[in-house]
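Letters A, B, ... are given to chains in the order of the sequence lines, protein chains preceding strands, and every chain is numbered from 1.
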Amino acid sequence: MKSPLNVTMDRREFLGSAGAAGALVLGFALPRRLRAAMSAPAGGTINAFLSIAPNGKVTVQSPFVEMGEGTYTSIPMLLAEELDVEMSAIRVEQAPPEAAYRLQEGGKERYTGGSDSVRSSWEPLRKAGATARAMLIAAAEKQSGIPARELSTEPGAVVHKGSGRRFSYGDLAATAGAMPVPETVKLKDPAEFRLLGTPVPRLDAEEKSNGQAKFGIDFQMKGALTAVVRQSPQFSGEPTAIDSAEAQGMPGVVSVDKIPNGIAVIADHFWHAKKALDAVKVTFDKAPSPDFSTDGYLKKLRSRLDDAGEPAEDKGKAKQALRSAAKTTTADYSVPYLAHATMEPMNCAALVQGGKCTVWAPNQTVDSVVEAATTVTGLPKDAIEVHTPYLGGGFGRRFIMDYVTQAVTLAAKHPGKPIKVEWTREEDMQHDFYRPMTAARYRGGIDNKGNPVAVHITTVGDGPLRRFFSDPKHPMKIDDSVVEGSIKQPYSIPNWRCDYVFEYSPAPIGFWRSVGNSQNAFFKESFMDELAHLAERDPVEFRRTLLGKEPRFGKVLDTVAEMAGWRGKPWNAGDGRKHAMGVALHRSFGSIVGEVAEVSLDESGLPQVHRVWAAVDCGFAVNPLILTMQIESAIAYGLSAALHEQVTMKDGHTVKNNFDDYPVLTAQEMPDVQVKIVNSGADLGGIGEVGTPPIAPAVCNALFTLTGKRIRSLPLDQHQFT
Amino acid sequence: MTKLKINGKLLNLDVEDDMPLLWAIRDIAGLSGTKFGCGKGLCGACTVHIDGNAMRSCITPVSAARGKMITTIEGLSSDGRSHPLQKAWVAEQVPQCGYCQSGQIMAAAAFLKQNPRPDDDAIRASMNNLCRCGTYLRIQKAIKRAAGDVT
């Protein structure tokens, strides 16, 4: 894994300067504004990532948001390991939108997503900790006269074993900040790790258990107003007639304003704003696709399953090999649009005052918040201040700045007034940026020994990469967000072709947990089972013989099969029902995950998932506790979609409203989950999303073994099993 | 102006009879621990206690809470954080994003008051709040752990 930052520090970049007493500043070319922004109370700023207060409290500047995935614990762990402090000494702040904190895409980007936070922090945060430790030792040498080579550290202090003298980091910080930054630092050997690789408990668990954790929706400020919005129900429509006479006279109402594609009512608080909004009569029109429906779009996608498209991968000669295969099978799959349905609905607060714009936004990329604010206000970047609270769920939704644009637009119209935009659940459900509806045709052939010889895939749909990152002058030919997970497969099948057919989605689309892997693992791992069935072979054994050249995949598959006590046929279980298992194996975001699901049908003939086993190879588990939580989480998220979720659309708009017509996984439906970590020592892989792709195929494969019914479209709710 | 008794304090709040209690708690009393998730009583993020019973405050009008004892997550324990469930939540490492957890804890607290020695099936059956992060298994463990501690 490449480190995006040059690990030897250029001396010319470093400023030594005396700031406020005890707060000497040194680091990655910190501009004056950044120094002011780093709020270590009377503390020593050692570098861009950490400062140490006289009482020894270490403040870590995290480039990554906390949305449940655990970065507020895992990122400081990297630093604490090398710095040599206890986790109890750590407090975390969101780093400001400055260059030092862009650790991704070669130092150009900063986003929390793609299961990339720990991977991209691995070197820079460890280096920051090790560098600071070296400077603290140097400071102790300077203060005490004891040579550095005789000094070592224990958590929170430099120590001299010879004399027993101890110098707390808090006492040394001010001096340390002024010491020369070492050109190179040695990082710990993994054999010496004290924290990394251990189940360090989450730093945010307590405040999330006592109501003190603050989310974006909890923004409070004297004089703040609340705005509730209604956007055009039909995607991208505009309000063409607004009658707000009644609303304007209602209690607490301050203003009725236009926002992009909609209107907002601003009042003293949410309830007044919502009541007044319900009294506004709006005509919406000019939607570009007023007849769009999911029924129609699915038909369109399916009609193109034999189109040529563009080859995303073309290994061997798949079409030819299929023609000469002993046996072939073709399967058409599809998946619906999915909502993110974060527990905390979309919200953002903003204040425009005195040539400055302050934004309080739950977000997955602070640079986009700044960009949205500059676009709306016309103010320069350094006039924008962003505060990122805890997110009540992200899952990819909070990459999109629509709700930020609304808040800043309203704040700019009412300067001097802090305005918090709070969406209703219905607004959130109907104005999501959905996981795209996608269809795929899989054609496979086996030889007369039952070995797969060819797979030819045509996948039809649209993706968020093209939607948000394609240059209109040179539109991308292959959209990785549509094909990822269906190409570069580990199975030694000599002919593998994947063609990508672009079919524009009039419905808004975005990044949903695991992105293209969310549909492609379902398609591909279901099809691997169909090929196994065609060959009359056990699904685990079938896959295993195709992984001879991929030992990491083989190990994960072996591990999960053993964990589950793999059974390839249904059996009579102790609850009086027939049970069956299904398997799926998938790599995404650099990690390999194998899952086995055990299912039965309940008294109503509905699928019930009893247990899921997951084997995970992410190279090295930085925090095995957080890893396990994330796998449980990702399985729940994917299972919810597999069982229940679909966003249906008609007449150009979403027809779902809330958790009554968009059911999600309940506690009673949560299977027992066992996770085993396979520490392969390979390059770090990500964790946040990787548990999601295998669950749908594992469950559907199990249902096939159980009932003989092959599921090729989700959610399962639309299928009958009895 | 309406007098509402929240966490043992009598507050005089500028609220209307038909206002959902959730907004009186969050926006008028300024207690942000109770969360808004759906507005239709479907998710449970807004769960508070009214005279000790778990109620979804987003569908409970202020008028129904007048004269009753309202308890929010902030008032669940005397110091705000040491209810056996809150300690169990930390010990079992329950929260991920954390947004649903106030409601989860309030629902669990009312359940344990009714059923102090529940078996696993009873715990599972009682868990009717939604969690998008999938913390259900740990919630179940934490309720079980706290049930061992609650006298």
Could you state the interatomic distance from CG (A/Asp268) to CD1 (B/Ile28), rounded to the nearest 0.5 Å? 6.5 Å

What are the two closest heavy atoms between B/Trp89 and A/Ser209, and how far apart are they? CB-OG, 3.5 Å

Classify the ring geometry of A/Phe270 against B/Trp23: parallel below 30°, tilted from 30° to 60°, perpendicular beyond 60°. parallel

Return the option, out of B/Gly98, B/Cys97, B/Cys100, with the maximum number of heavy-atom pairs under 4.5 Å with chain A. B/Cys97

Side chain from CB out, backbone as N, CA, C, O: work out which of these in A/Pro199 comes under 4.5 Å of a heavy atom of chain B, or both, or neither. neither

Salt bridge B/Arg81-A/Glu206, side-chain N to carboxylate O under 4.0 Å: yes

Engaged part of B/Gln104 at the chain A interface, taking heavy atoms whose separation is under 4.5 Å: neither

Applying a heavy-atom distance below 4.5 Å, give me the residues of residues 129-143 of chain B that approach chain A, sorted by number. B/Leu130, B/Arg132, B/Cys133, B/Gly134, B/Tyr136, B/Leu137, B/Arg138

Heavy-atom pairs under 4.5 Å with chain B, option from A/Asp204, A/Leu625, A/Thr342 with the top count: A/Leu625

Go through B/Ala24, B/Ser102, B/Gly37, B/Gly30 and name the one with the most non-hydrogen pairs under 4.5 angstrom from chain A. B/Gly37

Quick one, B/Cys43 and A/Met343 - any side-chain contact, counting heavy atoms below 4.5 Å? yes

Who wins among A/Glu426, A/Arg425, A/Gln220 for the most heavy-atom pairs under 4.5 Å with chain B? A/Arg425

Nearest atoms (heavy-atom pairs only) where A/Gly392 meets B/Tyr99: CA-CB, 3.8 Å

Residue B/Val15 versus chain A: region with a heavy atom under 4.5 Å: neither

When you measure from the side chain of B/Gln96 to the backbone N and O of A/Ser633, does any donor-acceptor pair fall under 3.5 Å? no

Say you draw a straight line from CD of B/Gln93 to OG1 of A/Thr73; how long is it, rounded to the nearest 0.5 Å? 7.5 Å

Pick whichever of A/Leu391, A/Asn657, A/Val673, A/Thr666 has the most heavy-atom pairs under 4.5 Å with chain B. A/Thr666

Per-residue tally against chain B (heavy atom, under 4.5 Å) across A/Glu422, A/Glu69, A/His272 peaks at A/His272

Rounded distance [0.5 Å steps], CD in B/Gln101 versus CD in A/Glu207: 13.0 Å

B/Val90 vs A/Arg202, side chain to side chain contact (heavy atoms under 4.5 Å, CB included): CA-CA, chis, key distance, verdict: CA-CA 9 Å; B/Val90 176; A/Arg202 296 179 67 119; over 6 Å; no

Partner set under side-chain hydrogen bond (donor to acceptor under 3.5 Å, both in side chains) for B/Asp121, not counting sequence neighbours: none

Tell me, yes or no, whether the heavy-atom count around B/Met69 atom CE, taken from other residues, nucleotides or ligands under 6.0 Å, exceeds 12. no

Considering all heavy atoms, the nearest A/His269-B/Met19 contact: CE1-CE, 3.1 Å

Taking every heavy-atom pair that is under 4.5 Å apart, which of A/Ala636, A/Ala341, A/Gly70, A/Gly393 has the most such pairs with chain B? A/Ala341

Which distance, rounded to the nearest 0.5 Å, do you find between the CG of A/Asn210 and the NZ of B/Lys87? 13.0 Å

Main-chain N/O of B/Gly33 paired with A/Gln212 side-chain donor or acceptor, under 3.5 Å: no

With respect to chain B, which residue among A/Phe215, A/Phe395, A/Tyr637 yields the maximal number of heavy-atom pairs within a distance under 4.5 Å? A/Phe215

Given 3.5 Å as the limit, does a donor-acceptor pair link the side chain of A/Asn658 with the main chain of B/Cys38, or not? yes

Measure distances from B/Asp79 to the heavy atoms of chain A and classify the residue's part below 4.5 Å as side chain, backbone, both or neither. neither

Quick check on A/Met67 against chain B: is it the side chain, the backbone, both or neither that has a heavy atom closer than 4.5 Å? backbone

Does any backbone or side-chain atom of A/Lys274 lie under 4.5 Å from a heavy atom of chain B? Answer side chain, backbone, both or neither. neither

Can you tell which part of B/Leu76 gets under 4.5 Å to a heavy atom of chain A, answering side chain, backbone, both or neither? neither

Rounding to 0.5 Å, atoms CZ (B/Phe36) and CD (A/Glu344) come to a distance of 11.0 Å

